[in-house]
Novice: 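Handing you this structure, nothing more for now.
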Amino acid sequence: MPSDSVTASNFIREIIKDDVKNNKNDGKVYTRFPPEPNGYLHIGHAKSICMNFGFAEDFNGLCNLRFDDTNPVKEGAEYAESIMNDIRWLGFEWEDRLFYASDYFDKLYEFAIDLIKKGKAYVCDLSADEIRNTRGTLKEPGINSPYRDRSIDENLDLFKRMRSGEFENGTRVLRAKIDMASGNLNMRDPVMYRILHATHHRSGDKWCIYPTYDFTHGQSDSIEGITHSICSLEFEDHRPLYDWYIEQLEIHHPQQIEFARLNLNHTIMSKRKLRELVEERYVDGWDDPRMPTLCGLRRRGFTPTAIRNFLTRIGVAKRNSVVDVAMLEHCLREEQNKSAPRRMAVLNPLKVVIDNYPDDLTEEMEAVNNPEDASAGIRKVPFSKTLYIERDDFMEDPPKKFYRLAPGREVRLRYAYFIKCEDVIKDETTGEVIELHCTYDPASRGGNSPDGRKVKATLHWVSAEHAIDAEVRLYDHLFSKEDPLEEEQGSNWKDNINQSSRVILNTCKLEPSLKDVSVGYFCQFERQGYFCVDLDSNANKLVFNRSVGLKDEWLRMQNK
RNA sequence: UGGGGCGUAGCCAAGCGGAAAGGCACGGGGUUUUGGUCCCCGGAUACAGAGGUUCGAAUCCUCUCGCCCCAGCCA
């Protein structure tokens with residue numbers, strides 16, 4: 001953990017700190033994470049999760065998990081399962097504090113009756129279209145519903161009949177009687193209850209009227225005794241409405257605090273658009289390693305620690321912003337550099353024969369498992385006459401700054417020997433380099449020459465006869481544009497998908513120690529990046545995902 | 001003057017009247033059997049702009065400009 005993780009201050013933490021100091025709410029801190037069970041969590045949600053659970057932890061309080069399930073036609077239990085799984089994976093626990101807004105349907109109904117009795121709510125027979133047409137515009141006030149002044153008794157009677165199923169969907173709603181001329185559209189007699197003859201994933205067919213989110217959310221927080229209701233910026237102008245309900249109802253008043261949600265460049269965070277990518281098969285599923293979903297990031301090899309460090313570093317404020325994904329990638333590298341075991345793997349193999357090496361000899365070379373962690377120990381890697389090296393590590397006609405292998409040049413094979421390239425074999429028809437012939441210096445065993453001569457490069461390698469075959473999937477940004485929604489004339493945001501966001505390599509050669517590795521195994525392939533075993537792996541096929549590449553100065557020079 | 005927010009380096013972001021933290025990215029140098037890691041060094045005469053208050057302002061006041069959100073019986 002970076003040292004800033006504990007001290008990182010932000011305006012919400014300051015507010016809470018002050019409240020605790022002033023003994024507001026008896027000095028208690030109670031938060032909640034309120035997802036709607038209608039999709040998968042992404043890293044933007046993780047920001048909210050980390051804040052809500054994190055503040056509770058930091059201030060000795062509690063955090064509830066509450067599903068805001070007020071819309072039976074869109075929600076389902078299968079989503080709730082995945083959401084709980086992702087929150088636990090991030091490292092948070094709600095113990096026995098799992099709630100559903102639907103648990104409060106009875107209470108909410110009583111609240112509605114209460115407001116009717118206070119003359120603060122009425123049943124409106126206008127259709128959805130009519131309500132919209134009488135709401136006014138951003139600059140002009142709305143006009144009162146003709147049903148606005150019904151008697152309390154009539155409202156009570158009608159609302160009860162709405163509940164008993166007497167009316168069709170959409171024929172009537174219960175509305176709050178506030179102010180059709182308010183500059184805040186949310187206050188123009190908002191709908192509290194709508195008729196929905198639909199089966200709810202928890203309450204079944206008990207109800208045929210359902211409260212709207214606006215009539216549910218604030219009171220749910222109130223019922224749970226939440227002290228700090230943290231939510232995103234777009235709910236800022238709903239706050240006056242939530243406050244209004246709570247004041248009319250005379251119930252506990254949580255303090256709502258809004259923050260700017262997370263945006264990352266080269267990807268999208270819209271649930272609707274992510275769904276579109278999945279359903280139209282632009283990606284392989286919600287857990288495709290290119291997705292910003294938590295299950296996607298997990299499959300890609302991102303860890304809870306890396307994600308949480310990242311979220312701590314970017315802070316929280318009210319300014320709309322777009323964070324560079326390089327920051328997220330940095331956090332994974334930072335963590336894994338310290339802990340990931342190092343292994344050698346050749347992704348694009350080029351055959352190398354050491355002409356002066358004995359035909360049948362195999363030597364076991366000692367390799368360090370992690371130079372950042374001596375306790376990780378060492379392992380043996382077999383070396384023999386025929387090897388594979390990375391195609392990119394050889395150039396027949398190298399430019400000035402290239403200091404890897406080239407004709408006549410000597411380099412080091414990591415933990416093995418110095419080798420010198422003596423001959424280049426090419427395919428006669430294509431001209432492609434297919435094999436290199438080298439000689440080795442037996443005195444350089446282990447990687448250093450007793451005469452003290454230096455080489456400019458150290459290459460990773462794998463012994464051909466001992467190598468394991470594997471598939472490796474390389475990932476890059478899902479969208480080539482920083483802002484995927486930036487559309488050119490006649491194009492659509494999906495045209496911005498990076499065509500090479502996934503590159504599959506089928507002929508990779510791994511060092512034999514990787515033989516029995518299983519799903520989730522994580523390591524660094526030296527000089528290349530961090531990789532993890534994908535769940536597509538099985539007994540006869542190993543599949544690795546590249547989580548993130550190492551920083552690569554040579555690559556950067558070439559791109560200049 | 002519809003309402004509500006926000007404007008500090010390329011990207012995030014501290015700062016709360018005493019005089020610009022930190023991270024990422026970027027550039028330079030050193031170490032190095034990963035062109036990795038690590039270690040140095042480099043950046044805003046300046047905080048959207050203009051006025052004003054003050055001994056002193058990114059921080060207070062005024063005006064201007066720019067960006068975001070709101071017209072679902074979605075959340």
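Chain letters run A, B, ... following the sequence lines, proteins first, then strands; residues in each count from 1. Basis for what follows: all heavy atoms, side chains included, without hydrogens, waters or symmetry-related copies. Note that the structure is predicted; figures quoted are calculated from it, not measured.
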Novice: Just to be sure I understand the rule, does A/Ala128 reach a base, reach only the sugar-phosphate, or reach nothing, if contact means heavy atoms closer than 4.0 Å?
Specialist: base
Novice: Say we look at B/rA57 and B/rC39: how far apart would their P atoms be, to the nearest angstrom?
Specialist: 38 Å
Novice: Quote, to the nearest angstrom, the C1' distance that separates B/rC55 from B/rA19.
Specialist: 13 Å
Novice: Just the rounded figure in Å: distance from P of B/rC74 to OH of A/Tyr193.
Specialist: 14 Å
Novice: In dot-bracket form, 5' to 3', how is RNA chain B paired? Count Watson-Crick and G-U wobble pairs only if both distances fall under 3.5 Å, and write | where the partner sits on another strand.
Specialist: .(((((((.[[[..)..(...]]].(((((.......))))).....[[[[[..)....]]]]])))))).....
Novice: For B/rG17, does the O4'-C1'-N9-C4 or O4'-C1'-N1-C2 angle fall within 90° of 0, making it syn, or is it anti?
Specialist: anti
Novice: Could you give the distance separating B/rC65 and B/rG72 at their C1' atoms, to the nearest angstrom?
Specialist: 33 Å
Novice: How is A/Leu126 classified with respect to the nucleic acid when contacts are heavy atoms under 4.0 Å: base, sugar-phosphate, or nothing?
Specialist: base
Novice: Measuring only the C1' atom in each nucleotide, how far is B/rA44 from B/rA9? A whole number of Å is fine.
Specialist: 5 Å
Novice: Expressed in whole Å, how much space separates the P atoms belonging to B/rA21 and B/rG4?
Specialist: 35 Å
Novice: Over all strands shown, is A/Val322 touching base, sugar-phosphate only, or nothing at heavy-atom distances under 4.0 angstrom?
Specialist: sugar-phosphate
Novice: Strictly under 3.5 Å: I want the nitrogen or oxygen pairs between protein and nucleotides 68-71 of chain B, one per line.
Specialist:
| from | atom 1 | to | atom 2 | distance (Å) |
| --- | --- | --- | --- | --- |
| B/rC68 | O2' | A/Asn320 | ND2 | 3.1 |
| B/rA71 | O2' | A/Arg135 | NE | 3.3 |

Novice: Has A/Arg172 got its NZ or CZ under 6.0 Å from the middle of the six-membered ring of A/Phe167, at an angle within 45 degrees of the ring axis?
Specialist: yes
Novice: Who pairs with A/Asp68 by side-chain hydrogen bond (donor to acceptor under 3.5 Å, both in side chains), at least two apart in sequence or on another chain?
Specialist: A/Arg66, A/His217
Novice: Quick one: does NZ or CZ of A/Arg414 land under 6.0 Å from the six-membered ring centre of A/Trp461, within 45 degrees of the ring axis?
Specialist: no
Novice: Report the residue from A/Tyr242, A/Phe105, A/Phe111, A/Tyr245 that forms a ring pair (Phe, Tyr, Trp, His ring centres under 6.0 Å) with A/Phe215.
Specialist: A/Tyr245
Novice: Can you check the A/His45 NE2 to B/rA75 P distance for me, whole Å?
Specialist: 14 Å
Novice: For the side chain of A/Met327, counting heavy atoms from C-beta on, which of B/rG23, B/rA25, B/rC73 is nearest?
Specialist: B/rG23
Novice: Below 4.0 angstrom from OP1 or OP2 of B/rA75, is there any side-chain N or O of A/Thr70?
Specialist: yes
Novice: Sort out for me which residue in A/Leu174, A/Asn71, A/Thr171 forms a side chain to side chain contact (heavy atoms under 4.5 Å, CB included) with A/Arg194.
Specialist: A/Asn71
Novice: Name the nucleic acid region contacted by A/Ser182, choosing base, sugar-phosphate or nothing; use a 4.0 angstrom heavy-atom cut-off, strictly under.
Specialist: nothing
Novice: For B/rG7 and B/rC60, measure between their P atoms and round to the nearest Å.
Specialist: 12 Å
Novice: Return the polar atom pairs (N/O with N/O) between nucleotides 34-36 of chain B and the protein under 3.5 Å, or none.
Specialist:
| from | atom 1 | to | atom 2 | distance (Å) |
| --- | --- | --- | --- | --- |
| B/rU34 | O2 | A/Gln524 | OE1 | 2.9 |
| B/rU34 | O2 | A/Arg527 | N | 2.8 |
| B/rU34 | N3 | A/Gln524 | OE1 | 2.7 |
| B/rU34 | O4 | A/Arg342 | NH1 | 2.3 |
| B/rG35 | OP1 | A/Arg527 | NH1 | 2.9 |
| B/rG35 | O2' | A/Glu553 | N | 3.3 |
| B/rG35 | N7 | A/Arg404 | NH1 | 2.1 |
| B/rG35 | O6 | A/Tyr403 | N | 3.3 |
| B/rG35 | N1 | A/Lys401 | O | 2.9 |
| B/rG35 | N2 | A/Lys401 | O | 3.2 |
| B/rG35 | N2 | A/Tyr403 | OH | 3.0 |
| B/rG35 | N3 | A/Tyr403 | OH | 2.5 |
| B/rG36 | N2 | A/Glu372 | OE2 | 2.7 |

Novice: Rounded to whole angstroms, how far apart are NE2 on A/His330 and P on B/rA13?
Specialist: 17 Å
Novice: Only one of A/Thr70, A/Thr216, A/Asp69 forms a side-chain hydrogen bond (donor to acceptor under 3.5 Å, both in side chains) with A/Ser102, so which one is it?
Specialist: A/Asp69
Novice: In whole angstrom, give the distance that lies between atom NZ of A/Lys318 and atom P of B/rC12.
Specialist: 18 Å
Novice: Salt bridge between A/Glu390 and A/Arg404, side-chain N to carboxylate O under 4.0 Å?
Specialist: no
Novice: Under 4.0 Å, heavy atoms only, any strand: does A/Val316 hit a base, just the sugar-phosphate, or nothing?
Specialist: sugar-phosphate
Novice: If you only use heavy atoms from C-beta on, which nucleotide in B/rG4, B/rG2, B/rA75 is closest to the side chain of A/Thr212?
Specialist: B/rA75
Novice: Taking atom C1' of B/rU32 as reference, at what distance in whole Å does atom NZ of A/Lys454 sit?
Specialist: 10 Å
Novice: When the nearest nucleotide of RNA chain B is assigned to A/Val191 and to A/Ile314 on a heavy-atom basis, which residue is associated with the more 5' position?
Specialist: A/Ile314
Novice: Taking it one step at a time, do A/Glu166 and A/Arg161 satisfy salt bridge (Lys or Arg N to Asp or Glu O under 4.0 Å)?
Specialist: CA-CA 6 Å; A/Glu166 204 173 307; A/Arg161 287 162 64 194; 2.7 Å; yes
Novice: Measure the distance from OH on A/Tyr147 to P on B/rC73 and round it to the nearest whole Å.
Specialist: 17 Å
Novice: Let's see if you can work this out: which of B/rG5, B/rC24, B/rA14 has an atom nearest to the side-chain heavy atoms of A/Ala326?
Specialist: B/rC24
Novice: Establish, for the pair A/Arg202 and A/Tyr100, whether the NZ or CZ atom is under 6.0 angstrom from the six-membered ring centre and no further than 45 degrees off its axis.
Specialist: yes
Novice: Whole Å only: how far is the CD1 atom of A/Ile43 from the C1' atom of B/rC12?
Specialist: 14 Å
Novice: Mapping A/Gly170 and A/Asn265 to their closest nucleotides on RNA chain B, which lands nearer the 5' end?
Specialist: A/Asn265
Novice: Mind running salt bridge (Lys or Arg N to Asp or Glu O under 4.0 Å) on A/Arg148 and A/Asp189 for me, showing each step along the way?
Specialist: CA-CA 9 Å; A/Arg148 200 171 199 262; A/Asp189 289 12; 2.7 Å; yes
Novice: Between C1' on B/rC38 and CG on A/Asp373, what's the gap in Å once rounded to a whole number?
Specialist: 15 Å
Novice: Please name all residues satisfying side-chain hydrogen bond (donor to acceptor under 3.5 Å, both in side chains) with A/Arg453, sequence neighbours left out, ordered by chain then number.
Specialist: A/Glu410, A/Asp441, A/Ser449, A/Asp451
Novice: Quick one: side-chain hydrogen bond (donor to acceptor under 3.5 Å, both in side chains) partners of A/Lys481, sequence neighbours excluded?
Specialist: A/Glu488
Novice: Could you tell me whether the side chains of A/His266 and A/Glu482 share a donor-acceptor contact shorter than 3.5 Å?
Specialist: no
Novice: Where does the angle between the aromatic ring planes of A/Tyr210 and A/His200 fall among parallel (under 30°), tilted (30 to 60°) and perpendicular (over 60°)?
Specialist: parallel
Novice: Taking any heavy-atom pair under 4.0 Å as a contact, classify A/Ile195: base, sugar-phosphate, or nothing.
Specialist: nothing
Novice: Take atom P in B/rG49 and the same atom in B/rU59, then report the distance between them in whole Å.
Specialist: 10 Å
Novice: Provide the distance between the two C1' atoms, one in B/rG35 and one in B/rC16, to the nearest whole Å.
Specialist: 46 Å
